[in-house]
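In what follows, every heavy atom counts, from backbone to side chain, and hydrogens, waters and symmetry copies are set aside. Residue numbering restarts at 1 for every chain, and letters A, B, ... go by the order of the sequence lines. These numbers come from a predicted model, not from an experiment.
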Amino acid sequence: MKKYLARELVAALEDFEGVPQDFAPEFEKPKNPEHGDLATNAAMQLARYLRRAPRSIAGELADRLLARPLDPARIASVEVAGSGFINFRFSTEYLVGELRKLLEAGEAFGRSTTGQGKRALVEYVSANPTGPLTVGHGRNAVLGDTVANLLAWNGYDVTREFYFNDAGRQMRVLGESVRARYQAIVDPETPRKRIDAGGVSIEAPASFPEDGYLGAYIIDIAERLHARAEDAPDMAGDVAPFKEAAEQAIFADFERTLTRLGIRMDTYFNERSLYENDAVWRTLEQLREQGHCYDRDGAVWFRTTAFGKEQDTVLVKSSGEPTYRLPDIAYHADKCERGFERIVDILGADHIATYPDVLHGLRALGYDADRVEVLVHQFVTLVRDGAPVKMSTRRATYVTLDDLMDEVGEDVTRFFFLMRSPNAHLEFDLDLAKEASEKNPVFYLQYAHARICSILRKAEEVGFHGELGADLSLLGHAAEIALMKALLRLPEVLEYAAAVREPHQVANYLREVAVAFTQFYGHCRIIGEEKDLAAARMQLARAARIVLANGLHVLGISRPERM
RNA sequence: GCGCCCGUAGCUCAACCGGACAGAGCGGCGGACUUCUAAUCCGCAGGUUGCAGGUUCGAGUCCUGCCGGGCGUGCCA
């Protein structure tokens, strides 16, 4: 429709003096429905070139459009309003035609091919296996998964990837933590000490590392290890078996937790593989050959000042061990090598400082860094009993993603993380989420879906049939028209949300749809109406179900048929 | 100090890459269940969009400077 009107408008402007050759009119849906279905500000934009009042240009333009004339099967009215807007109102004929297309498309309604099959990689979660997934990981996971869904719905060939590192100091401390707990199980007489964990004192075996992981899951892992008596590790041996046991247990939990959230990764990329295939050192050599590196104080530095940073950055420590930046660069080079045209990284706000170095690294290596897009989301603040909960994986003070799902449910968890713009801090009041779960927005949407299913069931039980060939032109009630208009917006909303990577656009839109449906429900009955009208309304209700179902599907939220 | 994000109704947040009268939910107040699902609906109250300038026909949105909050700013990840 926008394209049609744009064509008409440009044609109407053909012999206008002073209009730029490349003038492209913009259209948008007015906030206020009284202003019509689509509006253009073309007259205001042209005012600059024509040196005339926008209002008078708009008047002349509208006259020319009406004189063409516009296709009455699409446009019902054209009027000039405000300071120079031209407002268009769609004809019912057009809406009904679009509604029919919606019904025919069914589960595919809202899909587009704008991605043209381009390969996209979305990397998210990417937690190291040192402890359970936290609420913070949850936001990252749900955001990434939904962005991936949005891209897939818009015709991208999407790969979902989880990047992790199971080597290094963190993992050694993890192993030592398990070993100390294990020792205490084997020998109950093990000397104890107390460790301060953010104000709380926790008892631990004397051999427990000072910066060890204090969570109870470490004890669980040690107990399970001990229960498997036949292959129980020797205390005198090295820490590796403890580390491995911990990693396996934690990773199994990752997958179980993500599955609960409806998340299924395509690939797990281990940082270690970049060492095994020498990619890390090859990357360093390439950077060095291009003159981006130098040695100082026994370390290898990356000349990031050449890219405008205040300081250069260490890639390899004087100990010979790379910092995380070098493998990160190698990893992203690998992503580029794998041929992805669109590379999206989902990062928490605490990682904002790291990615510029990666992008600089890619540029230095000759890759097109513009393919990489970093989506930063702000933190989640958990509030319990009116006070913010300080969270640290190492400390015992954190709420796991599983805890959250146990309390409020999987659907609510997903929806809450998606309700807000990624840029906004997310305040998650646990008590409120539990207590208010009955009035939760996600239930509102699911309820609308279940209610439609119920109505259609009931209508068929009492002998109404909503054939696909129903005469949809019988739909003319204001609530019916408003619902139709809301439903037909799904494709543009999904396309926009995908383009700006903002799932909350979909969540907000679905609420509008549910409201529009509820108003239709309040004004228009099906059972008891004349047969043809009932059939048409059943089709409209089906269309609403399709839109709600498809939208919830994109958000990864279940679509109950009864509640 | 510097970088990124944020500041909008009592609270939590929207506002479609500058548009018309800044919108929802929750909370508050007042109403509605012999009806296809009341997990619902209708109504009312609530705003100088942190402050001060600037650009523009037009600013919550863009620019500058302040104020306030979050996260970073490391030979940690």
Any side-chain N or O of [X] under 4.0 Å from OP1/OP2 of [N]?
| X | N | answer |
| --- | --- | --- |
| A/Tyr49 | B/C57 | no |
| A/Gln311 | B/G74 | yes |
| A/Lys458 | B/U37 | yes |
| A/Lys317 | B/G74 | no |

In whole Å, what is the span from the CZ atom of A/Arg511 to the P atom of B/C41?
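Taking atom P of B/C41 as the reference, CZ of A/Arg511 is at 7 Å.
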Could you identify which residues of residues 526-539 of chain A place a heavy atom less than 4.0 Å from some atom of RNA chain B, listed by residue number, or say none?
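Contacting residues: A/Ile526, A/Ile527.
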Just checking [X]: base, sugar-phosphate only, or nothing, at a heavy-atom cut-off of under 4.0 Å?
| X | value |
| --- | --- |
| A/Ala497 | nothing |
| A/Asn423 | sugar-phosphate |
| A/Ala424 | sugar-phosphate |

Closest heavy-atom pair and its distance - A/Ala536, A/Leu474:
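Heavy atoms only, the tightest pair is CB-CB, 4.5 Å.
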How far apart are the closest heavy atoms of A/Gly110 and A/Leu494, and which atoms are they?
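Of all heavy-atom pairs spanning A/Gly110 and A/Leu494, the closest is O-CD1, 3.5 Å.
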Might you confirm whether atom OH of A/Tyr49 has over 12 heavy atoms from other residues, nucleotides or ligands at distances under 6.0 Å?
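For A/Tyr49, atom OH is not crowded (no more than 12 foreign heavy atoms under 6.0 Å).
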Below 30° counts as parallel, above 60° as perpendicular, anything between as tilted: where do the rings of [X] and [Y] land?
| X | Y | value |
| --- | --- | --- |
| A/Tyr294 | A/Trp301 | parallel |
| A/His292 | A/Phe302 | perpendicular |
| A/Tyr275 | A/Trp281 | perpendicular |

Could you summarise the pairing of RNA chain B as dot-bracket text, marking Watson-Crick and G-U pairs under 3.5 Å with ( ) or [ ] inside the strand and | across strands?
(((((((..((((.....[...)))).(((((.......))))).....(((((..]....))))))))))))....
Syn if the chi torsion is within 90° of 0, anti otherwise; quick check, which is B/C33?
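Here B/C33 takes the syn form, which means its glycosidic angle is within 90° of 0.
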Would you verify whether the NZ or CZ of A/Arg489 falls within 45 degrees of the ring axis of A/Tyr509 while also being under 6.0 Å from that six-membered ring's centre?
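No - A/Arg489 does not lie over the ring of A/Tyr509 by the 6.0 Å and 45° rule.
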Stacked pair A/His351-B/G72, distance under 5.5 Å, angle under 30°
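No, the aromatic ring of A/His351 does not stack with the base.
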How long is the span from the CZ atom in A/Phe164 to the CD1 atom in A/Ile250, to the nearest 0.5 Å?
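Rounded to the nearest 0.5 Å, the CZ-CD1 separation comes to 12.5 Å.
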What I want to find out is whether A/Glu461 reaches A/Lys458 closely enough, with some N-O distance under 4.0 Å, to be called a salt bridge.
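Between A/Lys458 and A/Glu461 there is no salt bridge, as every charged N stays at least 4.0 Å from the carboxylate O atoms.
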